[in-house]
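So the structure is just underneath, and the comments pick up after that.
All heavy atoms count here, side chains included; hydrogens, waters and symmetry mates do not. Quick caveat: nothing in here was measured; it's all calculated off a predicted structure.
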Amino acid sequence: MLWLYDESIADDLRKSFNTSVIHPYVKVIDPDVNLSIAAQLQDDNMSFPIICVVRSSDYQVDTDLTNFTAMHKGVATVFDNKTNNIYYEKSIPVKLGYSLNIIGTNTIDVDELVRELLFKYSDMYFLTIRLPYEGERKLRFGIEFDRQGSIEKRSGVVEMINEGKLYETAIPLQTRGVRLITYTPKHLKTFDYNITALSPDQFKKL
């Protein structure tokens, strides 16, 4: 389900740069598309500047937020009145790292985008994902500039395929409140009871 967090970050950036227009000035590319950038460059099918959302390949369990009950037994969160099932939500908090790679044909564009993004993520910035599982509910998570990392200037995508020259800067981000979720259903049984009211004299005769 990590792709839900990728898409949330990329979609929010698209809204920030108004990429709903036909020819947006800034293009935002999510992790699923990043691998094809070099191929698009070779075909001369890419315009700049672009922002690539890149998720770190490694991630950790967030031990500061772990909860034994939530990880092992789960917490009852969803009731389906059609099937009479109650769903216990198990969750494991994880730390995800991201990099926003800003690529442009000149340093002015890249530097201006870096400035805007640093202010955007200077404090914890909150986003929402919608779970496509049994819960069908929303989860909020935070993302901010990783103060332990550094803003890194790099060469463009393989020097724009060998010396066509691009300028690239990477901004490290870290998340808070990201969780992996699964659901375990428990079926609730119904019982019928016949209740009879007795007077004190009838009760004595029992």
Side-chain angles (χ1 to χ4, degrees), residues 1-20 27-36 51-101 117 120-149 170-197:
M1 62 174 285
L2 296 181
W3 61 270
L4 294 170
Y5 298 102
D6 301 346
E7 285 193 349
S8 180
I9 296 168
D11 288 344
D12 177 72
L13 282 169
R14 290 187 183 101
K15 292 175 184 175
S16 297
F17 292 106
N18 192 27
T19 57
S20 59
K27 274 67 66 181
V28 178
I29 298 176
D30 58 35
D32 283 343
V33 185
N34 283 339
L35 293 177
S36 64
I51 299 173
C52 300
V53 179
V54 181
R55 180 178 7 115
S56 300
S57 56
D58 300 328
Y59 59 93
Q60 301 172 309
V61 172
D62 193 342
T63 54
D64 292 337
L65 299 179
T66 52
N67 178 284
F68 183 86
T69 300
M71 287 180 64
H72 296 88
K73 180 180 178 181
V75 179
T77 54
V78 180
F79 176 70
D80 187 341
N81 54 15
K82 293 181 180 179
T83 61
N84 219 33
N85 283 339
I86 188 168
Y87 289 91
Y88 285 81
E89 181 181 278
K90 295 181 181 180
S91 65
I92 300 176
V94 296
K95 295 179 180 179
L96 293 182
Y98 284 90
S99 174
L100 297 184
N101 295 1
L117 292 171
K120 180 181 177 73
Y121 297 109
S122 60
D123 295 317
M124 187 67 72
Y125 186 82
F126 291 95
L127 295 168
T128 302
I129 63 170
R130 182 183 292 275
L131 297 176
Y133 312 116
E134 292 87 348
E136 293 187 350
R137 68 187 193 88
K138 296 178 179 178
L139 287 180
R140 283 174 64 78
F141 71 99
I143 185 167
E144 66 179 343
F145 170 64
D146 185 356
R147 291 170 175 77
Q148 303 302 317
I171 300 176
L173 301 177
Q174 61 182 357
T175 60
R176 192 72 168 169
V178 167
R179 291 187 289 159
L180 297 177
I181 302 289
T182 189
Y183 289 94
T184 303
K186 297 286 185 181
H187 188 68
L188 297 181
K189 297 180 180 179
T190 58
F191 298 91
D192 293 328
Y193 296 94
N194 292 320
I195 300 175
T196 302

Handout entry: Set of residues satisfying side-chain contact (heavy atoms from CB on, under 4.5 Å) with respect to Ser122, sequence neighbours excluded
Key = none

Exercise for the section: List for me each residue that meets side-chain hydrogen bond (donor to acceptor under 3.5 Å, both in side chains) alongside Asp11, sequence neighbours excluded, and say none if there are none. Expected result: Arg14

Exercise for the section: Could you list the residues that satisfy salt bridge (charged side-chain N to carboxylate O under 4.0 Å, His left out) with Lys95, not counting sequence neighbours? Expected result: none

Exercise for the section: Sorted by first residue and then second, give each salt bridge (Lys or Arg N to Asp or Glu O under 4.0 Å) pair with at least one member in residues 57-73; sequence neighbours left out. Expected result: Asp62-Arg176

Practice task
Heavy atoms only: give me the nearest Leu127-Ile143 pair and the separation to one decimal.
Solution key: CD1-CG2, 4.3 Å

Practice task
Please list, chain by chain and in numerical order, all residues satisfying side-chain hydrogen bond (donor to acceptor under 3.5 Å, both in side chains) with Ser56, sequence neighbours excluded.
Solution key: none

Problem - side-chain contact (heavy atoms from CB on, under 4.5 Å) involving Tyr87 - partner list, sequence neighbours excluded - result: Val78, Asp80, Asn85, Glu134, Tyr183, Pro185

Exercise for the section: Find out whether Val75 and Ser91 are in side-chain contact, i.e. whether some heavy atom of one side chain is under 4.5 Å from a heavy atom of the other. Expected result: no

Practice task
Kindly indicate whether the side chain of Ile9, heavy atoms from C-beta on, has any atom under 4.5 Å from the side chain of Arg55.
Solution key: no

Practice task
For Asp146, enumerate each residue passing the salt bridge (charged side-chain N to carboxylate O under 4.0 Å, His left out) test, keeping only those at least two apart in sequence or located in another chain.
Solution key: none

Handout entry: Set of ring pair (Phe, Tyr, Trp, His ring centres under 6.0 Å) partners for Tyr125, sequence neighbours left out
Key = Tyr121

Problem - Leu13 side chain near Leu117 side chain, heavy-atom distance below 4.5 Å - result: yes

Exercise for the section: Sequence neighbours left out, what passes ring pair (Phe, Tyr, Trp, His ring centres under 6.0 Å) with Tyr5? Give chain and number order. Expected result: Phe141

Problem - Min side-chain heavy-atom separation Asp123-Glu144 under 4.5 Å - result: no

Exercise for the section: Would you please name every residue forming a side-chain hydrogen bond (donor to acceptor under 3.5 Å, both in side chains) with Arg140, sequence neighbours left out? Expected result: none

